[in-house]
2 protein chains.
Amino acid sequence: MLRLSKLTDYAVVVLVRLSQSAEVQTSPGIAAATGIPEPTVAKVLKTLAARGFVASQRGAHGGYRLARPLAGIAIAEVIGAIDGPIALTACVDGANAGCDVLQVCPVRGRWDPVNAAIREALAAISLEDMQLASVSRPFHIVSLARPAASTSPVPVVE
Amino acid sequence: MLRLSKLTDYAVVVLVRLSQSAEVQTSPGIAAATGIPEPTVAKVLKTLAARGFVASQRGAHGGYRLARPLAGIAIAEVIGAIDGPIALTACVDGANAGCDVLQVCPVRGRWDPVNAAIREALAAISLEDMQLASVSRPFHIVSLARPAASTSPVPVVE
DNA sequence: CCAATCAGGACTGCTTAAGTCCTGTTAGCG
DNA sequence: CGCTAACAGGACTTAAGCAGTCCTGATTGG
């Protein structure tokens, strides 16, 4: 499915949430605001803090705040921080030892341009872009992969 | 990791292999040539046949052959056929009912431009492109995600 | 008629991510 | 000075998805 991990999705949600206030916010507070389970929020925030996306304040009345503006954070960075390097197959990134079909694989290493293309596409979109899209447009998911199956009525929030 | 399923990787290998001969090729033969386990090759081929990428000939002396030229097959198509639609998160493609944080999620549906960007990138690369790259360039995997950690000595094939 | 081959599905084991919990450290406040 | 609120960091458990295998049936050439 070319699936992204949920943690990365959560990270984006949390970062956008943090951007909505200059004050420090606690992980329980963010959990309540986003609906994401508190331990999971804490886990994501710790990772984000370790990677320098957010700054933490320990002790009573502590919490987290953004360390960098949303506009300066590319999706690719968040994915790289949470999910690891962007690489579609295990063949790349030097871990070739585990590939049994290496000797005869006709496309080995050829995913590189594909990976590069995806990386570029993800580097060109910042979190602010996603947030702006959220404001300017309502919620429509048609014209994507599937021809708008629309199984369930989607509640549009303006 | 933004990982692609192995089956998709296999599908690409198998398709490229099929392109190297106009004759029908049996799944055991392809398995032997590619190093991929035979049942897995058969599984991939069945899917590819169902999606119209390859044509099958049943009975004795049967086998598979390409139904379309490599140049006309985009990576995105193969991924879509094997892995399902290209969508990074479960929020898209109409399956919104399962998202618990839907009501408060500030970026819901905002992955759409990201998905679209990736889809475009993958639609622009054909299997022939990957094959050509394989011919024109040797095997070097550096200058990718990681700064060439080179934990294990990678055998460079010139 | 027999053997080779594809078609299609069901089933199982494994890998990996998601989620939870525990312990330690830091900082404000009474 | 002690208590409490909050982050830091890791270990652990569970669950889901996928890879891989196998079985039965249908088709076709010799």
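Below, chain A is the first sequence line, B the second, and so on; all start at residue 1.
- What separates CD of Glu38(B) from P of dC22(D) is a distance of 10 Å, to the nearest Å.
- What you find for Ser126(A) and Ala71(A) is that their closest heavy atoms are CB-O, 3.4 Å.
- Side-chain nitrogen and oxygen atoms of Ser27(B) include none within less than 4.0 Å of the OP1 or OP2 phosphate oxygen of dT5(C).
- At whole-Å resolution of the value, CG in Leu4(B) and P in dG17(D) are 17 Å apart.
- In this structure, Ile36(B) places its CD1 atom 12 Å from C1' of dA19(D), rounding to the nearest Å.
- For the pair Thr26(A) and dA5(D), the criterion of a side-chain N or O lying under 4.0 Å from OP1 or OP2 is not met.
- In this structure, Gln25(A) atom CD and dA6(D) atom C1' are separated by 14 Å, rounded to whole Å.
- Atom OH of Tyr10(A) is separated from atom P of dA17(C) by 15 Å (rounded to the nearest Å).
- Of all heavy-atom pairs between Ile118(B) and Ala121(A), the closest is N-CB, 4.5 Å.
- Between Phe53(B) and Thr47(B), the closest side-chain pair of non-hydrogen atoms is not below 4.5 Å.
- Here dA8(D) presents its P atom at 9 Å from CG of Leu45(A), a figure rounded to the nearest Å.
- OP1 or OP2 of dT21(D) sits under 4.0 Å from a side-chain N or O of Thr40(B).
- Heavy atoms only, all atoms of each residue included: Ile82(A) and Ala11(A) are closest at CG1-CB, 4.0 Å.
- The distance from atom NZ of Lys46(B) to atom P of dG25(D) is 15 Å, rounded to the nearest whole Å.
- Here the shortest heavy-atom pairing between Gly52(B) and Arg68(B) reads O-CD, 3.8 Å.
- At the phosphate of dG17(D), neither OP1 nor OP2 sits under 4.0 Å from any side-chain N or O atom of Ser5(B).
- The two atoms that bring Arg119(B) and Ala76(B) nearest to each other are O-CB, 4.3 Å, heavy atoms only.
- When rounded to the nearest whole Å, the span between NZ of Lys43(A) and C1' of dG9(D) equals 12 Å.
- A 4.5 Å side-chain heavy-atom check between Val16(B) and Met130(B) finds every atom pair outside the cut-off.
- Near DNA chain D, meaning a heavy atom under 4.0 Å away, the residues from residues 50-69 of chain B are Gln57(B), Arg58(B), Gly59(B), Ala60(B), His61(B).
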